[in-house]
Amino acid sequence: QVQLVESGGGLVQPGGSLRLSCAASGFTFNNYAMMWYRQVPGKGRELVAGISSSGSRLNYADFVKGRFTISRDNVKNTVYLQMNSLKPEDTAVYYCNAGWRDKLTSQPPVFGSWGQGTHVTVSS
């Protein structure tokens with residue numbers, strides 16, 4: 001029922017940009033904050049950014065602050081992550097999920113299953 005479909009990843013040079021999309025369905029999208037996570041092999045998922053249900057509040061992990069922008073379109077049921085000034089350490093699989101809050105304090109995702117993620121590789 002719930003589907004989260006990430007897209008937009010790819011290979012980019014350091015300093016480049018990508019825009020990720022997460023198409024959501026199967027739940028009342030505008031009732032939830034939405035979050036972006038990322039994961040590298042051997043490590044757990046880490047929160048990258050969050051946005052409140054209305055889009056009025058944006059929050060970022062320190063390691064992306066000033067470089068990434070989260071946004072959402074509640075008509076299209078889609079959340080975006082604009083990534084600028086990419087660094088090699090941004091290389092990861094990026095996932096989205098619903099959040100109980102827009103803040104990046106420890107919180108479980110709303111949905112227990114994850115989408116396929118989208119791969120971001122930052123390399124020369």
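A donor-acceptor pair under 3.5 Å is absent between the side-chain atoms of Trp100 and the main chain of Ala33, judged by distance alone. Remark: side-chain polar atoms of Arg72 are not paired, donor with acceptor, to backbone N or O of Gly55 under 3.5 angstrom.
For residues 93-111, the pairs satisfying salt bridge (charged side-chain N to carboxylate O under 4.0 Å, His left out) are Arg57-Asp102, with sequence neighbours left out.
How far CG of Leu86 is from CD of Gln13: 11.5 Å, rounded to the nearest 0.5 Å. Once rounded to the nearest 0.5 Å, the distance linking SG of Cys96 with CD1 of Ile51 reads 12.5 Å. Note that CG of Asn97 is 8.5 Å distant from CZ of Arg45, once rounded to the nearest 0.5 Å. Going from atom CG of Asn59 over to atom CG of Leu47 covers 10.0 Å, rounded to the nearest 0.5 Å. Rounded to the nearest 0.5 angstrom, Met83 CE and Arg19 CZ are separated by 11.5 Å.
Closest non-hydrogen pair, Tyr60 versus Phe68, comes out as CE2-O, 3.2 Å. In terms of heavy-atom proximity, Tyr32 sits nearest to Thr28 at CD1-O, 3.3 Å. When every heavy atom of Leu4 is checked against every heavy atom of Met34, the shortest pair comes out as CD2-CE, 4.3 Å. Shown here for Gly8 and Leu18, the closest heavy-atom pair between the two residues is O-CD2, 3.8 Å. Closest approach of Val64 and Val48 over heavy atoms only: CG2-O, 3.6 Å. Contact between Gly26 and Val2 at its shortest, heavy atoms only, is O-CG2, 3.8 Å.
Side-chain contact annotation: Ser17 with Asn84, donor-acceptor N/O pair under 3.5 Å present.
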Under 3.5 Å, which donor-acceptor pairs link side chains of residues 110-123 to any protein atom two or more places apart or in another chain?
from   : atom 1 : to   : atom 2 : distance (Å)
Gln116 : NE2    : Glu6 : O      : 2.7
Thr118 : OG1    : Gly9 : N      : 2.9

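With hydrophobic clusters built from ILVMFWY side chains whose heavy atoms lie under 4.5 angstrom apart, Leu20 shares a cluster with Leu58. Both Val12 and Phe63 belong to a single network of hydrophobic side chains, linked directly or stepwise wherever heavy atoms of I, L, V, M, F, W or Y lie under 4.5 Å apart. Val5 and Phe29 are not part of a single hydrophobic cluster, where members link through side-chain heavy atoms under 4.5 Å apart.
For the pair Leu104/Met35, a side-chain contact is recorded, criterion being any heavy-atom separation below 4.5 Å from C-beta on.
Membership of an apolar cluster is not assigned to Leu11, as no side-chain contact below 4.5 Å to another ILVMFWY residue is traced.
A salt bridge links Lys65 to Asp62: one of the charged nitrogens lies within less than 4.0 Å of a carboxylate oxygen.
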Task: Derivation and outcome, side-chain contact (heavy atoms from CB on, under 4.5 Å), residues Cys22 and Tyr94 - done: CA-CA 10 Å; Cys22 169; Tyr94 285 73; over 6 Å; no

